[in-house]
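Please read the structure below before turning to the comments.
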Amino acid sequence: MSAAASGPALVADSCFDLMMMEIVDLMHRSGSVGADDNTADSSNSSSSNSDKEAAYFKLETLGYRVGMAIAERATKDRPRFADNLEIVKFICKDFWIAVFRKQVDNLKTNHRGVYVLTDNNFRWFSRMSADGPPSETSKLAFAHLAFPCGLIRGALANLGVVSVVIAEVSNIPQCTFQIKFRL
């Protein structure tokens with residue numbers, strides 16, 4: 001690989017990372033733009049929660065569509081997967097490399113349709129920083145996990161698996177994705 005070929009990829013990666021941070025920020029700000037200043041504090045609080053839920057839903061839906069498209073491209077020349085474990089291994093290796101340029105660090109399962117993917121150095125958290133205690137930072141980082149949850153769910157849907165994906169952040173930059181298959 002020549003230096004010219006690797007140069008633009010580095011720029012594109014950093015631009016994509018920064019764009020994702022701005023998309024999350026925009027989605028969270030867009031709900032509160034139309035808020036009426038004369039409302040009571042209690043209705044303002046419930047409005048804020050519904051705005052956060054709407055932003056999460058929009059980001060997760062966007063990730064779902066992108067995840068479906070990436071999985072479609074990545075599997076077009078492959079034979080069908082034999083079982084759900086092979087599908088999850090595909091997500092942990094090929095899909096994760098295509099999106100995050102690395103494999104998942106750890107995969108655990110209870111062999112009953114629940115899989116836990118752990119990424120110890122989640123790429124989209126590498127450029128994030130916040131003042132305050134780690135618990136507050138983890139809470140702020142959670143907003144940035146709607147899109148990757150949608151990515152995983154969309155890829156699985158494209159592969160014929162209906163699932164629920166839940167993300168957890170214990171300490172930055174580590175995050176965990178729990179995948180539950182629906183039968």
Q) Does F181 have any ring-ring contact (aromatic ring centres under 6.0 Å, His included) partners at least two apart in sequence or in another chain, and if so, which? A) Y115
Q. Which atom pair, heavy atoms only, marks the closest approach of S163 to I179?
A. CB-CG2, 4.1 Å
Q: Please report the shortest heavy-atom distance between V24 and A143, naming the atom on each side.
A: CG1-O, 3.7 Å
Q. Apart from V164 itself, what residues make up its hydrophobic cluster when side-chain heavy atoms of I, L, V, M, F, W and Y under 4.5 Å apart count as a link, directly or indirectly?
A. I166
Q. Can you tell if the side chain of I23 reaches within under 4.5 Å of the side chain of M19, non-hydrogen atoms only?
A. yes
Q. According to the interplanar angle, ranging from 0 to 90°, do the rings of F122 and F125 count as parallel (below 30°), tilted (30 to 60°) or perpendicular (above 60°)?
A. perpendicular
Q) With a 4.5 Å limit on heavy-atom distance, are the side chains of F95 and I70 in contact? A) yes
Q: Look at the side-chain heavy atoms of Ile, Leu, Val, Met, Phe, Trp and Tyr, link any pair under 4.5 Å apart, and say whether I91 and V66 land in one connected group.
A: yes
Q) Just by modelled atom types, is the V114 backbone N or O under 3.5 Å from a matching donor or acceptor in the T109 side chain? A) yes
Q) Hey, are the side chains of S170 and T176 touching, using non-hydrogen atoms and a 4.5 Å cut-off? A) no
(Q) Nearest 0.5 Å, please: how far is NZ in K93 from CG in L107? (A) 9.5 Å
Q: Could you tell me whether a side-chain N or O of R123 sits under 3.5 Å from a main-chain N or O of V99, the two making a donor and an acceptor?
A: yes
**Q.** Taking every non-hydrogen atom, the tightest pair across F90 and A74
**A.** CZ-CB, 3.7 Å
Q. Mind checking whether V165 and L85 sit in one hydrophobic cluster, side chains of I, L, V, M, F, W, Y counted as touching below 4.5 Å?
A. yes
Q. Could you give the distance from CZ (F177) to SG (C92), rounded to the nearest 0.5 Å?
A. 11.0 Å
Q: Indicate the atoms forming the closest heavy-atom contact of C149 with Y56, along with that distance.
A: SG-OH, 4.0 Å
Q) Tell me, do D94 and R78 make a side-chain contact under 4.5 Å, heavy atoms counted? A) yes
Q) Is W96 close to L151 at the side-chain level, that is, under 4.5 Å between some pair of heavy atoms? A) no
(Q) Does the plane of the ring in F100 sit parallel, tilted or perpendicular to the ring in W124? Use 30° and 60° as the thresholds. (A) perpendicular
(Q) Counting only heavy atoms from other residues, nucleotides and ligands, does the tally under 6.0 Å from NZ of K102 exceed 12? (A) yes
Q.
Quick check: do D119 and V104 have side-chain heavy atoms less than 4.5 Å from each other?
A. no
Q | Gap separating the CD atom of E22 from the CZ atom of R29, nearest 0.5 angstrom | A | 7.0 Å
Q | ring pair (Phe, Tyr, Trp, His ring centres under 6.0 Å): pairs with one or both residues in residues 152-175, sequence neighbours excluded | A | none
(Q) To the closest 0.5 Å, what do you measure between CD (Q178) and NZ (K108)? (A) 12.0 Å
Q) If Ile, Leu, Val, Met, Phe, Trp and Tyr residues are connected whenever their side-chain heavy atoms lie under 4.5 Å apart, and connections chain through other members, are I152 and L159 in the same group? A) yes
Q | Short side-chain to backbone donor-acceptor contact, N158 and A71, under 3.5 Å | A | no
(Q) Within this structure, what is the CG-NZ distance for the pair L26 and K58, rounded to the nearest 0.5 Å? (A) 8.5 Å
Q.
Let me confirm one number: the CE-CZ distance from M68 to R153, rounded to the nearest 0.5 Å.
A. 9.5 Å
